Engineer: 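Structure below; questions to follow.
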Amino acid sequence: MSIRLAVRGLILLNHRLLMVNAWPGGKSDLLCAPGGGAERHASLEDNLIREIHEETGLIVAVGSVALVNEFHDPDRPFHQVDVYFRCDLLSGDPYGEWTDPEGVVTERHWLTRQELAVKRFKPDSLPEVAWGDGPAYYDPLEPILR
């Protein structure tokens, strides 16, 4: 078993965090920051720019690392490490229509910290990290949600 590496972006606009649905076809209401699996032979930054554009139609500038989160499925051979970066919106309509070419993301939400608090999301440390301005944070291994 190998560990899967993924990248995710923390994009704040008017104190609202961009979140996307985490399951194709609406199989779950779980939300996460946009991003996805890192492809070989591309930098983490390039992977994140690609993933955010695919999932949201937006173009971002990738900033500093904010969080390293890892999760696993204790009943299956799945273990993933997500590296979260702070990002700035460069272009694209944050409220306009878009289609994820992979068909995975079908919803995107701009949520205040209070709105996020009543949603299902991962990782648990996301609000503290997204709206904080501290150094990079490590969120230790947690079980995957289904």
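Because the structure is a prediction, the values reported are computed rather than measured.
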Engineer: NE2/His72 to NE2/His79 distance, rounded to the nearest 0.5 angstrom?
Structural biologist: 7.5 Å
Engineer: Going by side-chain contact (heavy atoms from CB on, under 4.5 Å), Leu18 matches just one of Leu31, Ile52, Leu58. Which one?
Structural biologist: Leu58
Engineer: In Å, rounded to the nearest 0.5 Å, how long is the span from CD1 of Ile59 to CG of Asp88?
Structural biologist: 13.5 Å
Engineer: Taking all atoms of both residues into account, what is the closest heavy-atom pair of Tyr84 and Leu126, and its distance?
Structural biologist: CE2-CD1, 4.0 Å
Engineer: At what distance, to the nearest 0.5 angstrom, does NE2 of His53 lie from CH2 of Trp98?
Structural biologist: 12.5 Å
Engineer: Strictly distance-based, threshold 3.5 Å: is any side-chain N or O of Asp82 a donor or acceptor partner for the main-chain N or O of Asn69?
Structural biologist: no
Engineer: For Asn14 and Tyr95, work out which heavy atoms get closest and say how close.
Structural biologist: ND2-OH, 4.3 Å
Engineer: Using modelled atom types and a 3.5 Å cut-off, is there a donor and acceptor pairing between side-chain atoms of Asn47 and backbone atoms of Ala42?
Structural biologist: yes
Engineer: Against Arg8, only a single residue in Pro34, Pro123, Cys32 fulfils side-chain contact (heavy atoms from CB on, under 4.5 Å); can you say which?
Structural biologist: Cys32
Engineer: Which heavy atom of Gly63 sits nearest to which heavy atom of Phe85, and what is that distance?
Structural biologist: O-CD2, 3.4 Å
Engineer: Run the side chain to side chain contact (heavy atoms under 4.5 Å, CB included) test against Val129 and tell me which residues pass, sequence neighbours left out.
Structural biologist: Leu10, Ala66, Leu67, Arg86, Ser125, Tyr137
Engineer: Please check this pair: side chain of Glu55 against backbone of Gly35, looking for a donor-acceptor N/O pair closer than 3.5 Å.
Structural biologist: yes
Engineer: Where is the tightest heavy-atom contact between Val20 and Thr56, given as atom of each residue plus distance?
Structural biologist: CG1-CG2, 4.1 Å
Engineer: State whether Glu115 and Arg16 are salt-bridged, where the test is any N-O pair (Lys NZ or Arg NE/NH1/NH2 against Asp/Glu carboxylate O) under 4.0 Å.
Structural biologist: yes
Engineer: According to side chain to side chain contact (heavy atoms under 4.5 Å, CB included), who are the partners of Leu12, at least two apart in sequence or on a separate chain?
Structural biologist: Leu17, Trp131
Engineer: How long is the gap from CG on Asp100 to CZ on Arg108, to the nearest 0.5 Å?
Structural biologist: 11.0 Å
Engineer: Atom CE of Met19 and atom CG of Leu30: how far apart are they, to the nearest 0.5 Å?
Structural biologist: 8.0 Å
Engineer: Which pair of non-hydrogen atoms, one from Val68 and one from Val81, has the smallest distance, and what is that distance?
Structural biologist: CG1-CG1, 3.9 Å
Engineer: For Leu44 and Leu5, which heavy atoms make the closest approach, and how far apart are they?
Structural biologist: CD2-CD2, 3.7 Å
Engineer: Judged by modelled atom types alone, do His109 and Glu107 share a side-chain donor-acceptor pair under 3.5 Å?
Structural biologist: yes
